[in-house]
Amino acid sequence: MPAKVRKAVFPAAGLGTRFLPATKAQPKEMLSLVDKPLIQYGVEEAMHSGIQNIIIVTGRGKSAIEDHFDVSFELENMLETRGKTDLLAAVRAVSDMINVCYVRQKEALGLGHAVLRARELVGAEPFAVVLSDDVIDSETPCVRQLLDIYQFFAAPVLAVMEVPRENISAYGVVDAEPVYHNGSSDRLFRIRDMVEKPKASEAPSNLAIIGRYVLTPEVFESIGAVEPGSGGEIQLTDGLKHLLRSRPVYAYRFEGTRHDAGDKLGFLKATVEFALARHDLGSDFREYLKSLKL
Ligand code: UTP
């Protein structure tokens, strides 16, 4: 049996330039879909996948994330005094949710570099990585889907999705061969190679890496061995490509819908879909949308 995955790393030290000026003094990870910050969706997904220890990689200007997962004594006291029990429960649920610890990435030198900053806290065990600007709506949490593959193959596994050619150069892309698993050969792939942000004409496939990974601790050595790549950043994809030299790495075309909430249009679409799905808001919001002259 491979070692159990107990920890999830949340890189949250990026500059969030696509959302400026909203992200000038506020972390992108704290932008809300309806009324819940992006990072909380990711943390809940990890929890529902059976992971209870969260490591958040933060940077300058990210203290709102720490406050969000902390106890807010004054707020709880006020809600209690005013008898707002539902809101009190919602606020308490956040701080009761997890064991969380933080490590700083002093400079935003890339996603690979951010993951490497979590090395001491992860130690010599397998771990998940969750990028909270990818919000995934699925019956089985996406991290859980990856953990099932990890447990079967005892190997690192990345979530991938099919992306149209014209958009592929925004992603890390895998060159991979199908693996027969659980009665089908169109979900699981063994990776032969991978490339970060290729030109559309040079992309090895239409399978793009999205922000969910289950990794083994050898990846830290591999990230440490790579030079800055695309955009001058230490890329996680380059570290994983290096890891491929010494062990198999799998890609899993997960079941569910991924919303790219790190992009303005993706964020707006996710907001509409999440609002429509809400019991307390959905029907009024649907009526409102129908009333718009589009
Ligand atoms: P993005 O590629 O979305 O970059 O990072 P970004 O800086 O957050 O946003 P833009 O592109 O400037 O708008 C993906 C994830 O990796 C984290 C980010 O916080 C985000 O969760 N990240 C990225 C780091 O933690 N450190 C880095 O150096 C880069």
Side-chain angles (χ1 to χ4, degrees), residues 8-33 37-46 54-66 68-69 100-119 121-122 127-136 142-143 158-161 163 167-173 194-198 208-213 215 219-220 223-224 226-240 258-268 270:
V9 174
F10 284 67
L15 300 177
T17 53
R18 282 171 290 169
F19 271 97
L20 283 169
T23 47
K24 186 178 171 206
Q26 182 196 200
K28 173 175 71 172
E29 296 75 14
M30 288 300 295
L31 297 177
S32 280
L33 291 182
L38 296 179
I39 194 160
Q40 191 176 332
Y41 286 95
V43 166
E44 287 176 2
E45 182 188 322
I54 303 295
I55 299 165
I56 303 181
V57 184
T58 64
R60 252 189 308 280
K62 301 279 184 171
S63 54
I65 298 177
E66 297 174 30
H68 183 70
F69 291 110
V100 60
C101 55
Y102 299 90
V103 61
R104 301 278 280 205
Q105 184 190 24
K106 289 185 190 148
E107 253 185 286
L109 296 177
L111 176 58
H113 183 262
V115 171
L116 196 52
R117 296 293 300 132
R119 184 178 196 163
L121 291 173
V122 168
F127 62 104
V129 175
V130 175
L131 305 189
S132 46
D133 41 9
D134 280 341
V135 179
I136 298 178
C142 184
V143 169
L158 334 176
V160 292
M161 64 182 269
V163 164
N167 301 336
I168 200 84
S169 47
Y171 296 87
V173 183
M194 58 187 105
V195 50
E196 183 64 26
K197 301 191 172 61
I209 304 169
I210 59 111
R212 300 289 185 275
Y213 309 75
L215 302 175
V219 75
F220 293 123
I223 299 171
V226 299
E227 298 291 326
S230 170
E233 298 189 336
I234 307 273
Q235 297 289 352
L236 181 56
T237 307
D238 293 338
L240 293 168
R258 171 249 188 189
H259 300 279
D260 181 5
D263 165 81
K264 279 181 215 166
L265 186 58
F267 185 88
L268 289 172

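As the structure lists them, so they are numbered: ligands from 1, and atoms in each ligand from 1.
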Compare all side-chain heavy atoms of H259 with those of D134 and state whether any distance is below 4.5 angstrom.
no
Neighbour list for ligand 1 [protein residues, heavy atom under 4.0 Å]:
P11, A12, A13, G14, L15, G16, T17, R18, K28, E29, Q105, A108, L109, G110, L111, A114, D133
Any side-chain heavy atom of I234 within less than 4.5 Å of one from I223?
yes
Between atom CG of D133 and atom CG of L31, what is the distance when rounded to the nearest 0.5 Å?
9.5 Å
Under the side-chain contact (heavy atoms from CB on, under 4.5 Å) rule, what do L111 and E233 come out as? Steps first, then yes or no, please.
CA-CA 8 Å; L111 176 58; E233 298 189 336; 6.0 Å; no
Mind checking whether M161 and V163 have side chains closer than 4.5 Å, heavy atoms only?
yes
For F127, check ring pair (Phe, Tyr, Trp, His ring centres under 6.0 Å) against everything at least two apart and list the hits.
F220
